[in-house]
Amino acid sequence: MNAVPREWHRYTSGQRLARFTFYFFIVAAVVASARTVEIIPEFLYDAPEQMKDLLTRMWPPEFRYYPDGIHDALIETIHIASLGTLLSIFIALPFGLLAARNLTPSPTLNYLAKLVLVSSRSVNSLVWALLFVGIFGPGALAGTLAIAFRSVGFVGKLVGEALEETPRGPIEALEAAGASTGQRVWYGYWPQIRPAFWSIVLLRWDINVRESAVLGLVGAGGIGMAMQAAIDLFQWERVAMILLSIFIIVIVAEIAVTALRKRIL
Amino acid sequence: MNVPAPRPFRVSTGARVGFLLLALYAFYAASQLDFTWDRFITGLDNGARFIGRMFPPNFSNWELLIKGLVESLQIAVLASLGGILISLPVSLLASRNLMPSWATWPARALIAVCRSLHPVIVAIFFVKAVGFGALAGILALVVASIGFIGKLFTEAIEEISLKQVEAVRATGASFANVILFGVLPQVFSRFVGFATYQTDSNLRSSTMVGIVGAGGIGGTLFAAFQRFDYDFVCAILLSIIALIMVGEMLANLIRAVFVEGLGFGSRDGKRPAPAVPSAAKEFD
Amino acid sequence: MTASLTIRGLVKEYKPGQPVLKGIDLEFDGAGLTAIIGASGTGKSTLIRCINRLVEPTAGEIIFAGEDIAKLRRGELRNARRRIGMVFQEYNLVERLSVMENLLTGRLGYTGAWQAWLRRFPAADIERSFALLETVGLASFADQRADSLSGGQRQRVGIARALMQEPRLMLADEPTSSLDPKTSVEIMTLLKEQGAAQGIPVIVNMHDVELSRRFADRIIGMKDGMVAFDGPPAELDHAMLKHIYGGEGWLH
């Protein structure tokens with residue numbers, strides 16, 4: 001045993017300094033936010049009671065509202081999600097091909113394609129919807145385009161990554177046989193990324209069903225519009241029925257996607 | 001499928017029928033939604049004017065812009081803190097390999113409910129319950145965070161090696177210490193990954209919940225849209241994108257410090273970097 | 001100071017009506033290494049795990065330091081476990097933690113959660129960790145992550161972790177089964193030496209008969225959930241091995 005007690009620390013002093021710096025900034029950010037954010041304390045104390053009041057007014061959901069406006073809006077929502085996803089595939093594929101470094105050997109083009117994909121993802125689908133409502137007026141067209149434009153970034157990025165991960169072997173064989181770029185994509189890349197591609201599309205469709213349910217809040221069609229109207233009229237039992245329908249359709253979509261993925265993969 | 005002699009590169013009949021059905025559906029749905037060429041052309045015209053009015057972006061109302069952005073940041077910070085702090089114990093409770101079913105059942109139900117509701121819908125409800133403003137936004141994003149982190153973190157905990165846990169239990173450690181030394185080290189890096197990912201996601205969402213009155217820059221954006229102030233809209237959108245990109249960089253830095261052991265004065269940490277949490281990436 | 005361990009009528013059924021252990025009676029007194037041998041599936045591992053109740057016994061008594069472990073409540077059980085070190089076949093180190101943290105795990109029974117979270121262990125524990133790392137020959141490895149070590153190094157850390165508990169009894173469940181022959185001998189030597197140095201009983205599950213003959217002071221042979229042989233290695237003859245394992249081709 002040594003006379004001087006040995007010390008042990010979990011991290012080097014540099015690591016500890018880095019951690020403390022971050023803890024400091026996190027605490028500072030939280031304290032600053034909590035002190036300056038505009039929260040009216042009375043509202044906060046009141047919240048549980050208000051929530052309870054709202055929930056009792058919503059319960060039970062009124063099923064007879066379903067045929068009256070909810071069913072059609074629900075179908076419209078699914079159309080928006082599906083058409084938006086389909087449309088996004090056509091826009092996303094070229095950018096995905098351009099973003100894949102092994103397929104497009106130009107760094108400038110890769111970078112530009114990635115920039116487009118990043119911008120698509122940085123803008124929330126509700127904001128896209130606002131833009132398209134401004135351009136095309138309220139309705140399902142704006143919603144569909146919003147879904148499509150938001151999905152381009154998702155589908156394009158993942159397809160690009162899938163392309164970059166394709167094994168070189170079969171493609172080199174095609175090159176050796178003198179295949180053109182188009183032939184290489186169709187016979188070399190496509191068969192290899194096909195399962196990934198469909199699973200990306202299905203995943204996005206699942207997300208889009210959820211997203212398209214709220215687009216109506218800014219006037220872009222679907223069940224969100226029915227919900228906004230019901231909220232404005234304080235028809236809480238109707239709101240509850242709409243929420244229940246959304247809940248069910250989201251779950252059905254998830255089950256459908258899981259089942260389809262199993263068949264495709 | 002029992003095709004007698006599969007020829008290479010031949011598109012199967014099933015796939016052909018599938019594509020045909022998909023195309024038919026697209027036309028049917030488009031007609032149901034009343035998409036017409038005229039509307040599209042008129043829209044393109046509108047779009048050109050729209051974009052013309054967006055540029056150059058107008059930053060003259062910068063005080064309003066900054067105020068909205070700051071409020072969005074506040075919402076994101078507080079909601080992330082609340083969501084992370086709540087989802088940690090909820091996930092532990094929901095893990096079937098650590099807890100009896102009387103604990104996992106309610107915790108899993110809570111996570112499922114939080115996950116199935118879109119944050120904007122949750123925001124509407126909190127606006128009704130606690131009034132317009134940042135509080136509603138914070139609460140809505142706390143719910144979204146519990147749903148996301150809760151689900152993925154529970155899955156991560158259920159994948160841990162129980163042998164390591166058994167060894168810690170055998171030393172006579174208390175339950176809390178078993179969690180701290182046997183469970184958390186195995187999942188901490190993934191937790192940091194999920195938490196920073198969700199913080200980043202909360203930042204994006206915090207710019208949007210204002211559309212339904214739950215505070216932040218979204219309200220300013222929505223108002224500018226309704227006033228047809230498109231150059232201000234453009235300024236707001238550019239600021240949001242800039243904010244989100246800075247947020248993404250910060251999230252990467254946090255991961256580097258807490259997961260990979262990056263420190264000042266060391267080019268690389270003394271611990272090897274563990275696998276990057278990849279499950280979260282799938283969610284875009 | 002030695003603690004005696006007495007096992008009486010120990011029964012373990014994973015499925016009702018199908019006992020894996022069919023009434024085990026054993027006594028362990030003073031220092032010395034006891035090897036438990038037997039074919040796979042005879043309940044060696046279950047027996048060892050019943051002693052510190054990582055596996056809940058169905059019936060019977062396990063009297064250690066005057067207490068019946070089988071009847072202890074949770075808090076009391078934790079206190080009893082603190083005095084029983086355990087070494088595992090696959091080392092069971094917490095892989096993402098450093099070697100030092102793995103050693104300190106042995107002190108968790110005495111450490112509050114807050115101290116454990118902040119890694120604030122008493123100076124004596126740190127000192128003991130460094131000393132044990134020197135003992136097991138890993139003095140320069142304190143800050144390495146456990147998953148960067150080789151199998152033999154990991155098992156040394158596993159032994160050091162158990163010794164950190166200042167155990168009155170040491171259990172080892174097939175500690176050498178995942179190691180090569182040379183490392184196995186080193187690990188057994190370490191276990192034997194440390195058991196003698198601490199003056200505590202060491203109970204080791206093994207499948208390697210030669211290794212158990214070489215290191216054990218006493219051998220317990222198990223067959224079908226019962227004790228078939230209990231005595232010094234010299235008395236373990238071919239007839240008995242044939243009885244325990246069945247067949248005889250493997251004996252030559």
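So you know, we letter chains A, B, ... as the sequences are listed, proteins then strands, and number each from 1.
Ranking A:Leu131, A:Ile78, A:Leu87 against chain B, the residue ahead of the rest is A:Leu131, based on heavy-atom pairs under 4.5 Å. Comparing B:Thr207, B:Leu117, B:Ile124 by heavy-atom pairs within less than 4.5 Å of chain A, the highest count is held by B:Ile124. Put simply, of B:Tyr28, B:Phe228, B:Tyr25, B:Phe126, the one with the most heavy-atom pairs under 4.5 Å next to chain A is B:Tyr25. Of the listed residues (A:Thr144, A:Leu145, A:Ile251), the greatest number of heavy-atom pairs within a distance under 4.5 Å of chain B belongs to A:Thr144. Interface summary for chain A: among B:Gly218, B:Ala26, B:Ala48, the most heavy-atom pairs under 4.5 angstrom belong to B:Ala26.
For the pair B:Ile121/A:Ile246, a side-chain contact is recorded, criterion being any heavy-atom separation below 4.5 Å from C-beta on. At least one side-chain heavy atom of B:Phe125 sits less than 4.5 Å from a side-chain heavy atom of A:Leu243. Side-chain contact between A:Val250 and B:His118: absent, with no pair of heavy atoms (C-beta onward) separated by less than 4.5 Å.
Proximity to chain A involves both the backbone and the side chain of B:Val130, based on heavy atoms less than 4.5 angstrom apart. Only the side chain of B:Leu237 has a heavy atom closer than 4.5 Å to any heavy atom of chain A. Contacts between A:Glu211 and chain B at a heavy-atom distance below 4.5 Å involve backbone atoms as well as side-chain atoms.
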Could you walk me through whether B:Ile211 and A:Asn124 pass the side chain to side chain contact (heavy atoms under 4.5 Å, CB included) test, one step at a time? CA-CA 11 Å; B:Ile211 293 175; A:Asn124 193 281; over 6 Å; no

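At most 12 non-hydrogen atoms from other residues, nucleotides or ligands lie less than 6.0 angstrom from CD of A:Glu49.
Between A:Arg121 and B:Arg204 the shortest heavy-atom distance is O-NH1, 3.5 Å. The heavy-atom pair separating B:Ser116 from A:Phe247 by the smallest distance is OG-CE1, 2.8 Å. Looking at every heavy atom in both residues, A:Leu83 comes nearest to B:Ala30 through CD1-N, 3.6 Å.
Residues of residues 215-223 of chain A lying under 4.5 angstrom from chain B, judged on non-hydrogen atoms, are A:Leu217, A:Val218 by number.
Of the inter-residue distances, the one linking B:Leu44 atom CG with A:Ile135 atom CD1 reads 8.5 Å to the nearest 0.5 angstrom. Note that NZ of B:Lys128 and CD1 of A:Ile231 are 6.0 Å apart. Values are rounded to the nearest 0.5 Å. Interatomic distance, CG of B:Leu22 versus CG of A:Leu86, reported as 5.0 Å (0.5 Å rounding).
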Just distance, no hydrogens or angles: give the donor-acceptor pairs under 3.5 Å from side chains in residues 73-83 of chain B, sequence neighbours left out.
| residue | atom | partner | partner atom | Å |
| --- | --- | --- | --- | --- |
| B:Gln74 | NE2 | A:Thr36 | OG1 | 2.5 |
| B:Ser80 | OG | B:Ala76 | O | 2.6 |
| B:Ser80 | OG | B:Asn202 | ND2 | 3.1 |

